[in-house]
4 protein chains.
Amino acid sequence: MRKRPRQRRARESVEAILEATRQLLTEGPIESFSTDAIAERAGVSVGTLYQYFEDKADLVREVGERHVREVGALLASVAAPDASDGSLRRYAVALLEATAEGHARDRGLHATILGLGLTSSLRRTLERSEARARESLARVAEAQGAADPAMAAGLAYDLIERFAHKRLAEPGDTVPESVVERYADELARLLAGET
Amino acid sequence: MRKRPRQRRARESVEAILEATRQLLTEGPIESFSTDAIAERAGVSVGTLYQYFEDKADLVREVGERHVREVGALLASVAAPDASDGSLRRYAVALLEATAEGHARDRGLHATILGLGLTSSLRRTLERSEARARESLARVAEAQGAADPAMAAGLAYDLIERFAHKRLAEPGDTVPESVVERYADELARLLAGET
Amino acid sequence: MRKRPRQRRARESVEAILEATRQLLTEGPIESFSTDAIAERAGVSVGTLYQYFEDKADLVREVGERHVREVGALLASVAAPDASDGSLRRYAVALLEATAEGHARDRGLHATILGLGLTSSLRRTLERSEARARESLARVAEAQGAADPAMAAGLAYDLIERFAHKRLAEPGDTVPESVVERYADELARLLAGET
Amino acid sequence: MRKRPRQRRARESVEAILEATRQLLTEGPIESFSTDAIAERAGVSVGTLYQYFEDKADLVREVGERHVREVGALLASVAAPDASDGSLRRYAVALLEATAEGHARDRGLHATILGLGLTSSLRRTLERSEARARESLARVAEAQGAADPAMAAGLAYDLIERFAHKRLAEPGDTVPESVVERYADELARLLAGET
DNA sequence: TATGAATGAGGCTTCATTCAT
DNA sequence: TATGAATGAAGCCTCATTCAT
């Protein structure tokens, strides 16, 4: 960001701009994602946009980082299971749902950011976020007595991500209940450290 | 496509255009992906390009469909395993490698196509291709005596896709051997119908 | 220049663009010197302009170089005097007039180019042109028997340039005849190698 | 200027703004010469700038006039020579140096002012300053017994100006000593009224 | 008076597409 | 059929200027 907003009015503008960007990125085809459109949706002038962001890519990066942080926070907010068997299955379902929700909130962001070229800054944020998620999963796997907690966590993370993207691709963001069950089973099995 | 090429020279032009499109989509940032760049790379003039393709989206769609068909063909070309246990593991590894190769060949296509908006025509092609792949996996699972072959095949397919995307995201398109092993194990287990 | 024009139509466009640029640079204040204005004056679209010139600076450079070459040619076209005394004075007057005419034709170009920043390419062209002019003057001074022909030529050149700029600053591009006389006297004296 | 500053702090702001303008004009390419840049350099806000200056052109004009007055003062501060021969040569060198220094101090001002269009007010200031300088030179020429003091002074003034611009065009603002000598010789000769 | 947030016209440039040759 | 010149809408961004606080 080019300038930090000092006054309240300025902070509101920045928020409006970021939210407008998120919306347009989520909704529309990439063609309608122009700085003019962002400014109009945010209810400010283009000039204001450029007071706070270096350029369009800077703006997208900021929105992308927020998204990554939010998904990370959602995942982290799922309470880890006890060693007792019953809660592991619930944990697995909660992980799947939380991640899928997070992705759904910014549907399209992914594709657009890829299209605009992933900046190294955003890539780092993403990697940090993934690493945290994997560690957290590994701790669970370890508590459950898995032989290779890190490897199990890696696979589990991949499964969760794939589930989220799969749900996004479905009309209505819904996946048959049986598929959720199956994913949850796999997840629980992985984290429990079964072969 | 607007017009079918009749003469040999014309067919060669069309091939060159499609190949140039594929290359630019695979190599570069979206910015250098212009009709001028395509024509130059293909060694023809822009005018020629518009003789055979309605517009840019039409061209991208065609390339996209080819890509989907190619990945499908690659998957299909992996010989199904015998019921004998040894070949299942080799089959799993081959599936992973084949899909990852297919995706790598057209790296960037994904993002661009998403960015330009997935056309319904391409979406159908994609769905048909996925369905065929799942059926083929289901037949294998059935032969191996899995309890719910369709469900196992679905999960297996997702695992394969995730692996391909994972490899694309790594620098150098390489993934530690241990990860391949782990994925192959899971895949083999799923197709073998173990819980 | 970005692309060399092949067809006749293209060459005409390029000429029109260069001439429009020269006119606007000569006439107006720098504010009205926009790419849109250039294109309109040239009777082409902006797009055409960018087919042949990298950017606005490239265009200005090209016009600048033409100007420098033209002034140089004007100077060179003044026939050198015999050693016989009478023609030296006529030569001096001709030099003054020729240079002043050349500058007048592109009045304002100077200031604008300075304002946009003298590119190194243009600077070199300018230096080469000046060097040629000084050499030519030095040969005359030598023929007239000057003690230090190079130094005399340097001062003579400066006098000529100053005269051209002086005339440009006057309303109506005219300078009292007596001033021309005085400059010519000085010039003749310098080239004749008197003290 | 829009408003006279009353308080001391206000006067300081105005000075800072004028000095910042002068610096930016002297240093940089025209692009970085924006009101924002001026305000930042001056350590005030843009708003303050517009309290004291009608618009940007007004500010530039004020700086331009100061510059013209300063160069004039520099010239005037060179003590006129006695009729005794020795000091005339020193006087000539001093004139050359003083003017060149004055121009160097505001290098770039020239181009910018020309680019923005010489306002009539500034033009008048400039003419008055030149007239004063010529008169002063004419008095010297007269004291030295020149036949046509006004004409000699005119040429002398032009020589001095050309020298200043010549030095500005050189890298490092330096000119070979021999050139200074030659200019000084000419100047002395002119003012001494030799043919 | 000073601040700095906001404005928006306008400048530069790109690129998908058309069409005369 | 192929060429490539021409088009112009539209995108990104800057910056002089205004005005609420």
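The chains referred to below are lettered A, B, ... by the order of the sequence lines, with proteins before strands, and numbering in each begins at 1.
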Residue pair B:Phe53, B:Leu18: steps toward the side-chain contact (heavy atoms from CB on, under 4.5 Å) verdict | CA-CA 10 Å; B:Phe53 299 93; B:Leu18 287 168; 3.9 Å; yes

Derivation of the side-chain contact (heavy atoms from CB on, under 4.5 Å) call for C:Glu70 and C:Asp106 = CA-CA 10 Å; C:Glu70 279 172 21; C:Asp106 286 300; 4.2 Å; yes

Verdict with supporting geometry, A:Ile17 and A:Leu59, side-chain contact (heavy atoms from CB on, under 4.5 Å) | CA-CA 9 Å; A:Ile17 291 166; A:Leu59 181 50; 3.8 Å; yes

Taking it one step at a time, do D:Thr26 and D:Arg105 satisfy side-chain contact (heavy atoms from CB on, under 4.5 Å)?
-> CA-CA 7 Å; D:Thr26 298; D:Arg105 186 157 183 278; over 6 Å; no

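The NZ atom of D:Lys56 lies 6.5 Å from the OG atom of D:Ser34; values are rounded to the nearest 0.5 Å. Of the inter-residue distances, the one linking C:Ile38 atom CD1 with C:Thr48 atom OG1 reads 13.0 Å to the nearest 0.5 angstrom.
In this structure, B:Leu49 places its CG atom 15 Å from P of E:dC15, rounding to the nearest Å. Look at CD1 on C:Ile30: it is 14 Å from P on F:dC15, rounded to the nearest Å. Protein atom CD of B:Glu40 is 13 Å distant from nucleotide atom P of E:dC15, rounded to whole Å. As a whole-Å value, the separation of C:Arg4 CZ from F:dA5 P is 12 Å. Taking atom CG on D:Leu24 and atom C1' on F:dA16, their separation rounds to 15 Å, with Å as the unit. Rounded to a whole Å, the CD1 atom of B:Ile38 is 11 Å from the P atom of E:dT17.
Proximity of A:Lys3 to the phosphate of E:dA5: a side-chain N or O atom is located under 4.0 Å from OP1 or OP2. Using a 4.0 Å cut-off, some side-chain N or O of A:Tyr52 falls inside it from OP1 or OP2 of E:dA6. Within the 4.0 Å cut-off from OP1 or OP2 of F:dA6, not a single side-chain nitrogen or oxygen of C:Gln51 is found.
None of A:Arg61, A:His67, A:Glu62, A:Glu127 except one satisfies the side chain to side chain contact (heavy atoms under 4.5 Å, CB included) rule with A:Leu122; the exception is A:Arg61.
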Do nucleotides 8-14 of chain E as a string where each nucleotide becomes B, S or -: B if the base has a protein heavy atom under 4.0 Å, S if just the sugar-phosphate does, - if no protein is that close.
-> B--SSBB

Which string of ( ) [ ] | and . matches DNA chain F, if you list each base 5' to 3' and count Watson-Crick or G-U pairs only when both distances are under 3.5 Å?
-> .||||||||||||||||||||

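A salt bridge (charged side-chain N to carboxylate O under 4.0 Å, His left out) check over residues 35-47 of chain C, counting only residues at least two apart or in different chains, returns the pairs C:Glu27-C:Arg41.
Contact check of residues 5-15 of chain A against DNA chain E (heavy atom, cut-off under 4.0 Å) returns A:Arg6, A:Gln7, A:Arg9, A:Ala10, A:Ser13.
For CZ of C:Arg8, the number of neighbouring non-hydrogen atoms (other residues, nucleotides, ligands) closer than 6.0 Å is 12 at most.
Every residue two or more places apart in sequence or in another chain that forms a side-chain hydrogen bond (donor to acceptor under 3.5 Å, both in side chains) with A:Thr125 is listed here: A:Glu65. Checked against salt bridge (Lys or Arg N to Asp or Glu O under 4.0 Å), C:Arg4 has no partners two or more places apart in sequence or in another chain.
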